[in-house]
There are 2 protein chains.
Amino acid sequence: MRSYEPDETDWAILRELQADARLSYNEIGRRIPLSAPSVAERVRRLEAHGIITGYSADVDPARVGQEVTAYIHLRCDSGRCLLKTADPDEYPEIVEIHKLAGRHCTLLRVRVASMAHFEGLSERIGTHGPIETTMVMSTPFARGEVRPTPPPRPVTTGDRWWNAGEASEQG
Amino acid sequence: MRSYEPDETDWAILRELQADARLSYNEIGRRIPLSAPSVAERVRRLEAHGIITGYSADVDPARVGQEVTAYIHLRCDSGRCLLKTADPDEYPEIVEIHKLAGRHCTLLRVRVASMAHFEGLSERIGTHGPIETTMVMSTPFARGEVRPTPPPRPVTTGDRWWNAGEASEQG
DNA sequence: AATGAAAGGTCGGCAAC
DNA sequence: GTTGCCGACCTTTCATT
């Protein structure tokens, strides 16, 4: 059970603030519409519940010389786990680390200035274990915005094995 | 050649605005330190050069019921390319699309409420071509922040084949 | 390019309904 | 949740260095 469920008004505020975090409560209220004190109260509530975690300026990495983005799947050798043996400052090129289920232990998102730079980076990361590189050429679509959770569509099964036995998988 | 190269003062401003996009020019100037009009002028310049692309509130997807994140590598069948045959509104769960070099054509980042929901989604996406799923368990590290480009470290070669022939690879 | 001062506008918080 | 008010702060302009 979730601690707080945003209602439609909250989502309207979240939409505005995700589109432009510098809007005043007044201006947000004007657009909803809602009075400024109410906007302020709701925003504080959303912050207090950890739904809004912060406000940030969006900087285009390509415009500051970081043109190459890649993902690196990493299967750490035992005792050489990147998370346990490396410091974030050693790898400023790493912008995200995900822990994975499955064959690989870690997925890294990295950003570098050039292929030459990437070559050096992948060599350094490779000291932790075997890697698999996914090179991004372009990112035609990225929604920064979090929207209301869409209703899950049912599995379109046709699966002949579905429920043929006793068990069914429902959490 | 880049159109505009942020100097140290610009980077200080970028740091502050990435950490809190709602700071006033006054407050930023107080921290740098720099006068408010100068801050305002630099911010406008950074916006005009496309270095600052916007300001957004950060919303925690997990707190609004979107707890599952995954990456899906997709190799589109010809004529069924996701980018060309699907609409963003059909797939609200897709939050990023990357075009790739290599074996797969596309990398999708998706966010859903549950495994059951993910099951249905991957089935729908699978209609476009073969997929490979990377399931994220947790994300222990993510720097939203863009920092000054670190100097590339030279490849630490030991490679016995390096420059053994005539050509060298430099762009 | 940065500073400082001045002016006008706007904002955010509080209290009352 | 709304309205109204007040003090404070902010942004902008301009002259100066």
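Naming: A, B, ... by sequence-line order, numbering from 1 per chain. Fair warning: this is a prediction, and the values are worked out from it, not measured in the lab. Values reported hereafter were calculated over all heavy atoms of this structure, with side chains retained and with hydrogens, waters and symmetry mates removed.
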Mind listing the N/O atom pairs, protein and nucleotides 7-9 of chain C, below 3.5 Å?
none

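- Look at OH on A:Tyr25: it is 13 Å from P on C:dC14, rounded to the nearest Å.
- Ring centroids of B:Tyr71 and A:His98 are separated by less than 6.0 Å, placing the two rings close together.
- Between B:Glu132 and A:Arg103 no salt bridge is recorded (no basic side-chain N to carboxylate O distance below 4.0 Å).
- Remark: P of D:dG1 and CG of A:Asp10 are 9 Å apart, rounded to the nearest angstrom.
- For an aromatic pair to be called close, the ring centres must be under 6.0 Å apart, and B:Tyr55 with A:Tyr55 fails this.
- A salt bridge does not link A:Arg44 to A:Glu47: none of the charged side-chain nitrogens sits closer than 4.0 Å to a carboxylate oxygen.
- Under the 4.0 Å criterion applied to side-chain N and carboxylate O atoms, B:Asp7 and B:Arg42 are assigned as salt-bridge partners.
- A salt bridge does not link A:Glu93 to B:Arg147: none of the charged side-chain nitrogens sits closer than 4.0 Å to a carboxylate oxygen.
- Using a distance-only test at 3.5 Å, with no hydrogens or angles considered, no donor-acceptor pair links the side chain of A:Arg31 to the main chain of A:Asn26.
- To the nearest angstrom, P of C:dT10 lies 16 Å from CZ of A:Arg22.
- No salt bridge links A:Glu5 with B:Arg63; every basic N to acidic carboxylate O contact stays at or beyond 4.0 Å.
- In the region residues 26-51 of chain B, proximity to DNA chain D at under 4.0 angstrom, judged on heavy atoms, holds for B:Asn26, B:Arg30, B:Pro37, B:Arg44.
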